[in-house]
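To start, the structure under review is shown below, and the notes come after it.
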Protein chains: 2
Amino acid sequence: MDYNKPRLLVNHRIAKSNIRAMAAKAAYYGLHFRPHFKTHQSAEVGEWFREAGVRAITVSSVSMARQFAEAGWDDITIAFPMNIREVDEICALAGKVRLNLLFDMPEQAAALAASLKHPAGYFIKVDVGYHRAGVLPDGHTTIEQIIQSTAGRLAFRGFLTHTGHTYRAKSREEVIGLAEKSNATLAELKRKYQGRFPGIITSSGDTPSCSICTDFSGIDEIRPGNFVYYDLMQLRIGSCSYEQIAAAVICPVVSVYRERNQALIYGGAVHLSKESLTDPRAGRIFGLAVPFNGKEWMLPEGEDYLVSLSQEHGILRLGSKWAASLRPGDPVAVIPVHSCLAANLLK
Amino acid sequence: MDYNKPRLLVNHRIAKSNIRAMAAKAAYYGLHFRPHFKTHQSAEVGEWFREAGVRAITVSSVSMARQFAEAGWDDITIAFPMNIREVDEICALAGKVRLNLLFDMPEQAAALAASLKHPAGYFIKVDVGYHRAGVLPDGHTTIEQIIQSTAGRLAFRGFLTHTGHTYRAKSREEVIGLAEKSNATLAELKRKYQGRFPGIITSSGDTPSCSICTDFSGIDEIRPGNFVYYDLMQLRIGSCSYEQIAAAVICPVVSVYRERNQALIYGGAVHLSKESLTDPRAGRIFGLAVPFNGKEWMLPEGEDYLVSLSQEHGILRLGSKWAASLRPGDPVAVIPVHSCLAANLLK
């Protein structure tokens with residue numbers, strides 16, 4: 001593989017060990033493991049999950065569900081509230097795989113129930129405080145309307161959430177606090193409805209809480225995805241160590257500007273995305289550059305941050321001795337802020 | 001075209017009129033027009049430029065240069081400092097088209113001069129204050145080293161800049177001020193070197209200054225790209241009117257959350273990019289939702305901004321009566337913050 005252009009490099013050993021570790025953690029806590037495949041969107045990486053015993057997966061779009069159905073996955077939850085405009089594609093998929101949808105409005109349940117020719121299941125998406133999607137925990141009228149709108153033609157699988165506000169957490173303790181609150185909320189809903197629906201489960205699992213927590217009371221299934229690669233954001237939150245980061249973007253140094261102690265790399269918003277972090281000292285950062293030996297990336301040498309990105313350009317602040325020694329043509333490894341978006345751009 | 005998934009919709013009439021207007025402006029001011037194709041990256045849109053008399057283009061990567069060479073364009077400037085790792089691809093291209101490279105370090109000139117088998121030209125990239133790339137205006141030692149490193153095997157075309165800091169301008173007056181300073185700097189460099197290199201030109205042209213300025217003294221060539229579609233950022237700067245915006249992303253409404261006056265749309269960071277603007281009232285915004293009649297988008301109804309984006313999700317604040325009336329399945333048109341990045345994601 002040449003590194004003349006920005007390329008995503010995945011460290012197979014680390015990614016496989018992240019997969020095995022999360023599968024083992026789920027097993028240890030008696031949790032069903034349904035990893036999210038939106039991070040890697042790769043059939044090859046999917047096989048590494050299969051080797052770790054995974055049989056059920058999560059995706060975030062109908063097209064991703066189709067992609068992995070074609071790759072032989074037959075138990076798929078589309079963890080995005082159902083887009084009623086895709087009802088035909090969804091019905092076609094339900095004929096091929098064991099499919100679960102997410103509802104947070106009765107219209108979604110009604111639309112699918114009206115056209116479905118094959119069995120399918122649904123989770124009710126619950127908003128535990130992230131305020132992206134979901135029924136409020138006390139929204140029993142809506143929950144009842146959703147259940148009624150399925151007219152018994154869909155299997156109610158349970159309550160599902162994404163505690164995405166853990167991504168904004170400033171400490172491991174904050175992540176644990178948010179997860180416990182979220183888990184308790186789902187458990188309470190399950191208690192309320194399991195009399196009528198004995199089979200229902202609770203499904204949660206953002207990467208920070210799945211990585212950090214040691215108490216999963218009230219939760220039956222976890223669905224983390226980001227953990228397969230981790231990234232700078234997860235490192236900041238405390239979800240992983242640097243050694244657990246499994247993806248970097250290899251970028252060539254194009255020019256060096258001594259007068260401002262910066263370098264231009266070929267690697268911009270179309271390779272890394274404009275996802276950023278705020279560093280207490282460096283301000284807004286778009287990635288961390290570390291040495292690359294042609295095979296693997298190394299430990300960081302210092303605060304060698306990407307401080308700005310445009311479409312194809314990345315500006316690297318030369319913080320360390322190593323960075324200050326970079327010359328045009330040298331490849332550097334950039335640890336992305338958010339590996340899901342970088343992997344999507346370079347897939 | 002179905003709108004079940006996020007799709008880029010280009011208004012051909014508006015885009016063609018943006019192209020004709022900029023071509024006419026260049027002609028009026030006696031400027032060579034070498035539009036940047038990184039915004040659309042589309043052979044079809046390229047043909048609209050050809051119809052407006054354009055024969056020479058700008059791209060931001062070697063792969064884009066190859067793409068448009070295959071589409072029949074034979075006069076191409078790669079407006080990115082030369083990545084010496086791509087010297088072989090560049091030499092191959094130089095055998096097919098009239099190619100111009102950018103240098104801001106002697107190493108780049110030396111690397112190309114050493115391997116080039118066909119004629120090619122180069123511009124010296126000048127940093128007029130954007131501090132992304134380029135030699136400083138008083139960097140005569142570096143300029144001389146670059147010229148010497150070409151060993152006379154490359155044609156010196158002149159001085160080129162991108163006044164990208166106009167993108168951060170808060171007013172049209174600020175754009176004009178930055179452009180005049182930048183133009184004067186290039187003109188001064190041309191004066192210094194044209195005795196030795198009679199044919200050299202000055203090349204500039206970011207979309208804000210090309211759209212707003214009426215004085216191009218000192219400039220021979222302009223290279224705007226973003227103007228073909230414009231976007232929310234250009235509207236804020238004052239580069240365009242709303243009626244000149246030629247691209248939107250059509251997204252289906254998935255769910256509506258009355259309790260927080262927001263809706264979930266299928267349209268996220270992988271469709272719109274995480275490029276954002278800071279609105280005095282709404283804070284950080286990722287796009288503006290406007291009505292869509294199935295064919296064209298309409299005028300904005302109010303402050304219906306995307307206030308957060310994750311990988312596939314967009315959260316729309318329901319600011320207007322129209323937005324408050326949206327139902328699951330309704331398509332909305334999202335005016336992107338930065339059309340270059342949205343078009344790249346949805347190309």
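Every chain is numbered from 1 and lettered A, B, ... according to where its sequence line falls, protein lines coming before strand lines.
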Please check this pair: side chain of A:Ser149 against backbone of A:Gln145, looking for a donor-acceptor N/O pair closer than 3.5 Å. yes
Region of A:His131 that comes under 4.5 Å of a non-hydrogen atom in chain B: both
Please flag which part of B:Ser308 lies under 4.5 Å from any non-hydrogen atom of chain A: side chain, backbone, both or neither. neither
Greatest number of non-hydrogen atom pairs under 4.5 angstrom with chain A, of B:Met82, B:Glu89, B:Glu275, falls to B:Glu275
Looking at B:Ala269, B:Gly134, B:Gly164, which one has more heavy-atom pairs under 4.5 Å with chain A than the rest? B:Gly134
In Å, rounded to the nearest 0.5 Å, how long is the span from CG of B:Asp2 to CD1 of B:Ile250? 12.0 Å
Given that the side chain runs from C-beta out, which part of A:Asp88 has a heavy atom under 4.5 Å from chain B: side chain, backbone, both or neither? neither
Okay, side chain of A:Thr77, backbone of A:Asn100: is any donor-acceptor separation there less than 3.5 Å? no
If one checks every heavy atom of A:Arg132 against chain B at 4.5 Å, the contacting part turns out to be both
What part of B:Tyr257 gets within 4.5 angstrom of chain A, counting heavy atoms only: side chain, backbone, both, or neither? side chain
Contacting moiety of B:Thr142, where chain A heavy atoms sit under 4.5 Å: neither
With a 4.5 Å cut-off on heavy-atom pairs, point out which of A:Asp127, A:Val62, A:Val256 contacts chain B the most. A:Val256
Residues A:Glu312, B:Met64; criterion side chain to side chain contact (heavy atoms under 4.5 Å, CB included); working and verdict: CA-CA 11 Å; A:Glu312 313 267 345; B:Met64 252 183 252; 3.3 Å; yes
Under 3.5 Å, is there a donor-acceptor pair between the side chain of A:Gln108 and the main chain of B:Val254? yes
Short question: side chain of A:Ser42, backbone of A:Val45 - any donor-acceptor pair under 3.5 Å? yes
For chain B, which of A:Tyr266, A:Tyr167, A:Phe80 has the most heavy-atom pairs under 4.5 Å? A:Phe80
Counting heavy-atom pairs under 4.5 Å to chain A, which of B:Ser310, B:Ala263, B:Ser63, B:Gly314 comes out on top? B:Ser310
B:Ser273 portion near chain A, given a 4.5 angstrom heavy-atom threshold: neither
Can you check whether A:Tyr3's main-chain N or O pairs, donor with acceptor, with B:Arg85's side chain at less than 3.5 Å? yes
Under 3.5 Å, side chain of A:Asn83 to main-chain N/O of B:Asn4, donor-acceptor pair present? yes
Tell me which of these, A:Lys5, A:Arg260, A:Arg327, has more heavy-atom pairs under 4.5 Å with chain B than the rest. A:Arg260
Looking at B:Arg66 and B:Glu86, does any basic side-chain N land under 4.0 Å from a carboxylate oxygen? no
Decide whether A:Gln234 and A:Ser339 meet the rule of one side-chain donor and one side-chain acceptor closer than 3.5 Å. no
Can you check whether B:Leu318's main-chain N or O pairs, donor with acceptor, with B:Asn261's side chain at less than 3.5 Å? yes
So what's closer than 4.5 Å to chain B heavy atoms on A:Leu309: side chain, backbone, both or neither? neither
Does any backbone or side-chain atom of B:Gln311 lie under 4.5 Å from a heavy atom of chain A? Answer side chain, backbone, both or neither. both
Output the option from A:Leu345, A:Leu136, A:Val253 having the highest count of non-hydrogen pairs under 4.5 Å with chain B. A:Leu136
When heavy-atom pairs shorter than 4.5 Å are enumerated against chain A, which of B:Ser276, B:Gly329, B:Ser61, B:Pro331 gives the highest number? B:Gly329
